[in-house]
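Computed from a predicted structure; not experimentally measured. Lettering follows sequence order; numbering is per chain, from 1.
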There are 2 protein chains.
Amino acid sequence: MENTIKVERAILSITQDELAKKIGVSRQTINSIEANRYVPSTVLALKLSEVFNKPVNAFFKLTEDD
Amino acid sequence: MENTIKVERAILSITQDELAKKIGVSRQTINSIEANRYVPSTVLALKLSEVFNKPVNAFFKLTEDD
DNA sequence: AGAAAATGTAAAGTATATTTGTCATATAGT
DNA sequence: ACTATATGACAAATATACTTTACATTTTCT
């Protein structure tokens, strides 16, 4: 799976720490997701959807290996 | 979080086992998600999105407690 | 250049997703 | 009523998300 969270975050001009606080996770969780170190839960995806005001499918996409 | 997977599955007229095989998980995983026993990963949500041919936000929604 | 803020990442611990196996109950078809 | 199929659910084991702490590197601002 790949994501464009870094881009969405840039659009809002907020830091990893600020985004983390908005959705109630640690900064490292945001950092790890942006770095594709692990796959977030659907609850987290929906919260990002709220913050970015876009559907989950807009910034999370399946890749070959999924 | 709440979901309408049971409904989407009924629309396609497939069993929990068939849906599980389509997205590569066990039948119990589908059963547990439908029963809200746990929150699936985003990869799983995207795969369901493909099978149902609908965006993730269409069948997964945040609730008060999220 | 130098200081402050932001990012990348790693390790250890905790929480939770997912699997496999199993059994009970419900539903559908004959 | 009988049989087969589908569903609900639990327990133990394994995998992985997420937290906290901590430190190094990079970027930004003056």
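Looking only at side-chain heavy atoms (C-beta outward), A:I11 and A:K54 come within less than 4.5 Å of each other. The side-chain heavy atoms of B:F52 and B:V7, taken from C-beta on, include no pair separated by under 4.5 Å. Side-chain atoms of A:K61 and A:T4, non-hydrogen and from C-beta on, never get closer than 4.5 Å to each other.
Side-chain N or O atoms of A:T42 include one that pairs as donor or acceptor with a backbone N or O of B:P40 at under 3.5 Å. No side-chain donor-acceptor contact under 3.5 Å links A:S41 to the backbone of B:S41.
Separating the CG atom in A:L44 from the CD1 atom in A:I23 is a distance of 4.5 Å, to the nearest 0.5 Å. How far NZ of A:K6 is from CG of A:L19: 13.0 Å, rounded to the nearest 0.5 Å. Here A:R37 contributes atom CZ and A:Q28 contributes atom CD; the two are 9.5 Å apart, rounded to the nearest 0.5 Å.
Boundaries of the chain B contact region on DNA chain D are D:dA6 to D:dC10, first to last in 5' to 3' order (nucleotide atom under 4.0 Å from a heavy atom). Of all nucleotides in DNA chain C, those with any atom nearer than 4.0 Å to a heavy atom of chain A start and finish, going 5' to 3', at C:dA6 to C:dA10.
Where B:Q28 and B:E18 each meet DNA chain D at their nearest nucleotide, the meeting point lying more 5' is that of B:E18.
Counting non-hydrogen atoms under 4.0 angstrom, B:T15 reaches the backbone sugars and phosphates but no base. Within 4.0 Å (heavy atoms only), B:S41 reaches sugar-phosphate atoms of the nucleic acid but no base atom.
Residues of residues 42-66 of chain A having a heavy atom closer than 4.0 Å to DNA chain D, listed by number: A:L44.
Across all their heavy atoms, A:L62 and B:K47 have their closest contact at CD1-CG, 3.9 Å.
No hydrogens or angles considered: nothing links the side chains of A:T15 and A:D17 as a donor-acceptor pair under 3.5 Å.
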